[in-house]
Each structure stands twice: as structure tokens, then as C-alpha cells.
Amino acid sequence: MFNNKKLITFFFFIMLVNFNTTYASDIESLQLIQILKDDVNDVDGLGNPRSVKVLSDNSKVFVSSGDDNALAVFNLDENFNLTFSQVFKNASTNINGLEGASGVTYFDHGNQVVVTGFYDGALTKFSKSNRSYRFSQFISDGLSYDRVFDSDVPVGELDNFGLLGAWDIVKTTNEKQLYVASYMSNAISILDIMSDKKISLNRVVKDAKPLSNDLGKPIAVALSPLNNELYVLGFDGHQLTIYDRSVRGDLLVKQVLKNGVAGVKQFINPQKMVVSPNGRFLYVACSGSNSLVVFHKLDTGQYAFLQAINNSDIGGSGLEGASSLAISSDGLKIYVAGESGSGLYLFSASADGRLSYKNKLLSVHDNKLNRISSITVTDDNRHLLVATGKGNSLFVFKIKTL
């Protein structure tokens, strides 16, 4: 996935493309603020950036790096300019769990940052001390890459934490729990955030019985706005599993949606998911079908297929390996990209959840938006951050409403 030795092709497909247009929209325009590149101007930790999170007060940016096996921390000024602050790498003394760093989140007002390590099968926490961060906690079964990825012998009971191939992570609104989607464990790990901010395993969920015997090799997880539903994407199973979640965090499987069943179309290798602010619509980027699939919530509480958008809807190409999504806080704008495609695509969402294609951005100031791996919209809808995986870059835009 992250280098030639450890390539896992199911996450994205690499392809060279040409770009020659700039972006202009009848809804908004994007003004380039900054481009940061790995190993340029003393910036580090942007080797294959996989996930980007911005503090709600727009004071810091956290980036996980799959090739640097790192967490990079940037400071933000009042003009939303990023300045490199710190980087943590597996190669550093006493740092563990960042091999193939993938998901990242934060809690306690950003005083705690948590990163998942795909190849380390780990969760690593960093805590703020004065004005900087330090390594503070590591959770893993300690199984080697060879044992997990190259061996034909099942790990069985050696997998206690359900973090093997940990890819995505999400926190509850009240910051009491974390949910991690782990591909190799074929599981969701539920972890409790204790009063002292330490993280403790609650339990591991590996099935959706009686509706499904497994989770279809999950790589993405999301929560509804009220945290009363949990959504899990199964990459290999072309599967969306939906749980009802109680106030105490108890889960009850409600529905399993699969490609080719109950009218679901183009739902192949679902990889990234966002939820509308009202909780009525789910938008899923599917890398196997180069599609964006929409589900809507019925009056019964069940979800049903609503729409599928592919390259034929945007001019013939661009969504290859669809894997990145972001939604504005008002739910009216959806940004989409494919990691083997070309450019950033903007859609508008109507009241019924259906999407309409608006425009695209293929390059800016002669810089190509190539191999996009992550899209992030700030909570105030004023800025957009676009990471290019193998481009080892982070583009920072101001969103200007016309």
C-alpha cells in the first residue's frame, strides 16, 4: 500500500494523468493559500498523507503519513497559513505503532491525538504538554507484518485488540469512545476514553449476526450526527453494515446492504463515507466501481439505495479509484476525488439527498491535483485541505462564496 515492498492494491490504483484546467464555479471559487510538500522548506511527515484533521478552533492541523510512518503537526495562523511544528516517526526512539499510519483523530480540545497504524496493527496516542506533543500511549498485539500479512496461518486468538490492518478511526461526540475499522482483523474495535484520557479496549465486534457472519473486511467507519447509528464499510464484501447505538454505547445490528441486493448498484469496494448533517443521507466513495453511491433513510429507519454517480456523469473520467470524500457542515456541498483519477470534483446536494455535478479542479497555478488521498473541509466551511498521496503534498484553499 505504501511502498513497493508492501503494496496492497485494493486501496488505490496508481495511474499517470494529465491536467490542464483551473477551477471556477457558479457556487464558489477556491483560492489557493499554500502548497506544502514533503522534504521541502523543512516540512516533514507528508510522505503519502492519508488523513488530515483540523482543530475546530483552526489552530492546528494533524496529518498521518503512510510512507513516512509518521504523524505531522502543523500550526495555523489567523490567515490559515500552516507552519510545520513537529513530526513523530516509527524510526524515532521509543515511538511505536505508526507503520503505515492511516487514520487520525483528536479529543480533549486537541490535547490528545490518536493515530492508527495499518501495518503495525496499532493505535498510538500523543498528548500535549505545554506547547508541544509527546508520545503517551501505544495499543497493539505486537504481531509482525510477516505474521499478519504474509502468513497463511490464521492469527486466531493472538488478535486480542482487533486492530490488525487498522485503517479508519472516529470518535463519539461526547468523546467517551473511539471506533476503529481494521481490515485484517475484519473487525471494529470499540475503545473507551477514560477520565484520565487514557484509552482502554471495551470490546471487538466481528460480525453483524443474524444478518451477516462478518463485516466484509472493514476500512471505514462513521457515526450519525446524534451518535445513535454506527456505519461500517466492508471493502472486500462490498458491504455497508448499520448498527443502532444506545446512549451507553451498546450496538444492535439493524441492516446490512450489499452490492447487487435490494437495488444497490455500483457499490464495489466502498472505501470512504460521509454522513449528511441531518443523518438522512450516506455518501460513499467506491474505488472498485469508480462511483459515488448515495443511500437515503426511509420512514421505517432503514436505508435504501438512492443514486450512483460515475465517470459518465462528469465527462468520462476522473473518479477512478474513488476514495476521498468531504461534506460541508450544512450538507449542501460534497467534494469527491479518486486516487487513480484526476482532480477534485464538486457536487451540490438537494433537499432529497440527490447530487448534481457542479465543477472540477484539475490544477492550480500549474500544480497538478494528482492522486488525491484525502479531502478535509474545516468546521466553519471556510477552508479546504487536499492531500495528494503519492504526490506527498498538501494543498490549502480558502473557500470564497460568490
Side-chain angles (χ1 to χ4, degrees), residues 25 27-28 30 51-58 103-107 109-110 168-179 181 220-233 240-247 249 254-255 257 270-285 292-309 322 324-337 344-358 374-386 397-401:
S25 170
I27 292 182
E28 67 181 16
L30 295 179
S51 182
V52 179
K53 290 292 186 295
V54 183
L55 279 185
S56 56
D57 65 0
N58 289 345
V104 61
T105 192
Y106 67 84
F107 60 93
H109 307 289
D168 194 22
I169 184 170
V170 66
K171 66 177 180 180
T172 56
T173 304
N174 63 7
E175 298 190 341
K176 298 293 186 183
Q177 286 189 325
L178 300 170
Y179 290 84
V221 62
L223 285 161
S224 61
L226 296 178
N227 288 187
N228 57 359
E229 289 180 333
L230 176 72
Y231 315 103
V232 181
L233 291 182
L240 168 62
T241 303
I242 303 172
Y243 296 91
D244 280 326
R245 181 181 180 275
S246 71
V247 175
K254 177 165 73 173
Q255 190 176 7
L257 292 161
Q271 188 164 339
K272 180 66 178 179
M273 161 179 49
V274 293
V275 187
S276 66
N278 60 14
R280 293 179 56 204
F281 310 108
L282 304 178
Y283 302 98
V284 184
L292 176 60
V293 175
V294 185
F295 296 95
H296 66 133
K297 194 172 188 177
L298 306 175
D299 292 339
T300 61
Q302 299 281 297
Y303 286 82
F305 175 87
L306 178 65
Q307 183 185 20
I309 291 172
S324 295
L325 277 177
I327 186 170
S328 59
S329 60
D330 58 11
L332 298 179
K333 301 168 188 173
I334 305 290
Y335 301 89
V336 188
L344 174 71
Y345 293 80
L346 172 66
F347 295 82
S348 63
S350 62
D352 66 359
R354 290 185 176 273
L355 299 180
S356 299
Y357 170 57
K358 303 306 296 185
S374 175
I375 309 169
T376 303
V377 180
T378 55
D379 290 347
D380 59 11
N381 287 323
R382 297 178 61 187
H383 295 92
L384 183 75
L385 295 91
V386 179
F397 297 95
K398 181 178 181 180
I399 300 173
K400 299 183 67 176
T401 303

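Just so it is clear, the values below take in all heavy atoms, side chains as well, and ignore hydrogens, waters and symmetry mates. Everything numeric in this text was worked out from a predicted model, so none of it was measured.
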Using only atom types and a distance under 3.5 Å, with no angle test, would you say the side chain of T172 pairs donor to acceptor with the backbone of Q177? yes
Is there a donor-acceptor contact under 3.5 Å from the side chain of N227 to the main chain of T173? yes
What closest approach, in Å, do P225 and S276 show between heavy atoms, and which atom pair accounts for it? CG-O, 3.5 Å
Quick one: does any side-chain atom of Y179 pair with a main-chain N or O of Y231 as donor and acceptor, under 3.5 Å? no
Just verifying a value: how many Å separate D379 CG and S56 OG, rounded to the nearest 0.5 Å? 6.0 Å
Beyond-backbone contact of L30 with L344, side-chain heavy atoms, under 4.5 angstrom: yes
Look at the side chain of Q307 and the backbone N and O of L355, then say whether any donor-acceptor pair between them is shorter than 3.5 Å. yes
Would you check, one step at a time, whether the test side chain to side chain contact (heavy atoms under 4.5 Å, CB included) holds for K53 with T376? CA-CA 7 Å; K53 290 292 186 295; T376 303; 5.7 Å; no
With no hydrogens and no angle check, is any side-chain donor or acceptor of K171 less than 3.5 Å from a backbone partner on Y106? yes
How many angstroms lie between atom CG of L257 and atom OH of Y303, to the nearest 0.5 angstrom? 10.0 Å
Which atom of A349 lies closest to which atom of G331, heavy atoms considered: CB-O, 3.4 Å
So does K333 get a backbone contact from the side chain of S328, meaning a donor-acceptor N/O pair under 3.5 Å? yes
If you count the non-hydrogen atoms of other residues, nucleotides and ligands that lie under 6.0 Å from NZ in K398, is the total more than 12? no
Has the side chain of N381 got a donor or acceptor atom that lies under 3.5 Å from a matching backbone atom of S329? yes
Paired with V336, the side chain to side chain contact (heavy atoms under 4.5 Å, CB included) test is passed by just one of I309, L292, V274, namely L292
All salt bridge (Lys or Arg N to Asp or Glu O under 4.0 Å) counterparts of D380, not counting sequence neighbours: none
S51 and G103: which non-hydrogen atoms are nearest, and at how many Å? CB-CA, 4.2 Å
Could you measure the distance from the CG atom of L226 to the CG atom of N278? Nearest 0.5 Å is fine. 10.0 Å
Specify the closest pair of heavy atoms between P277 and I327, including all atoms of both residues, with the distance to one decimal. CD-CD1, 4.1 Å
Please report the C-alpha distance between F295 and F281 in whole Å, then the side-chain angles of each, then the deciding distance to 0.1 Å, and finally whether the side chain to side chain contact (heavy atoms under 4.5 Å, CB included) criterion is met. CA-CA 6 Å; F295 296 95; F281 310 108; over 6 Å; no
Trace of the side chain to side chain contact (heavy atoms under 4.5 Å, CB included) decision for Y335 with L346: CA-CA 5 Å; Y335 301 89; L346 172 66; 3.7 Å; yes
Has the side chain of K254 got a donor or acceptor atom that lies under 3.5 Å from a matching backbone atom of G301? yes
Could you go through V275 and L223, starting from their C-alpha distance and side-chain angles, then the distance that decides it, and tell me whether this counts as side chain to side chain contact (heavy atoms under 4.5 Å, CB included)? CA-CA 8 Å; V275 187; L223 285 161; over 6 Å; no
Sort out for me which residue in R245, R280, K297 forms a salt bridge (Lys or Arg N to Asp or Glu O under 4.0 Å) with E229. K297
Can you list everything that forms a ring-ring contact (aromatic ring centres under 6.0 Å, His included) with F347? Sequence neighbours excluded, please. Y357
Minimal heavy-atom distance between A304 and L298, with the atoms involved, is CB-CD1, 4.0 Å
Any side-chain heavy atom of L230 sitting closer than 4.5 Å to one from V221? yes
If every non-hydrogen atom of L325 is compared with every non-hydrogen atom of K272, which pair is closest and at what distance? CD1-O, 3.6 Å
Under the 3.5 angstrom rule, does the side chain of T378 hit a backbone N or O of H383 as a donor-acceptor pair? yes
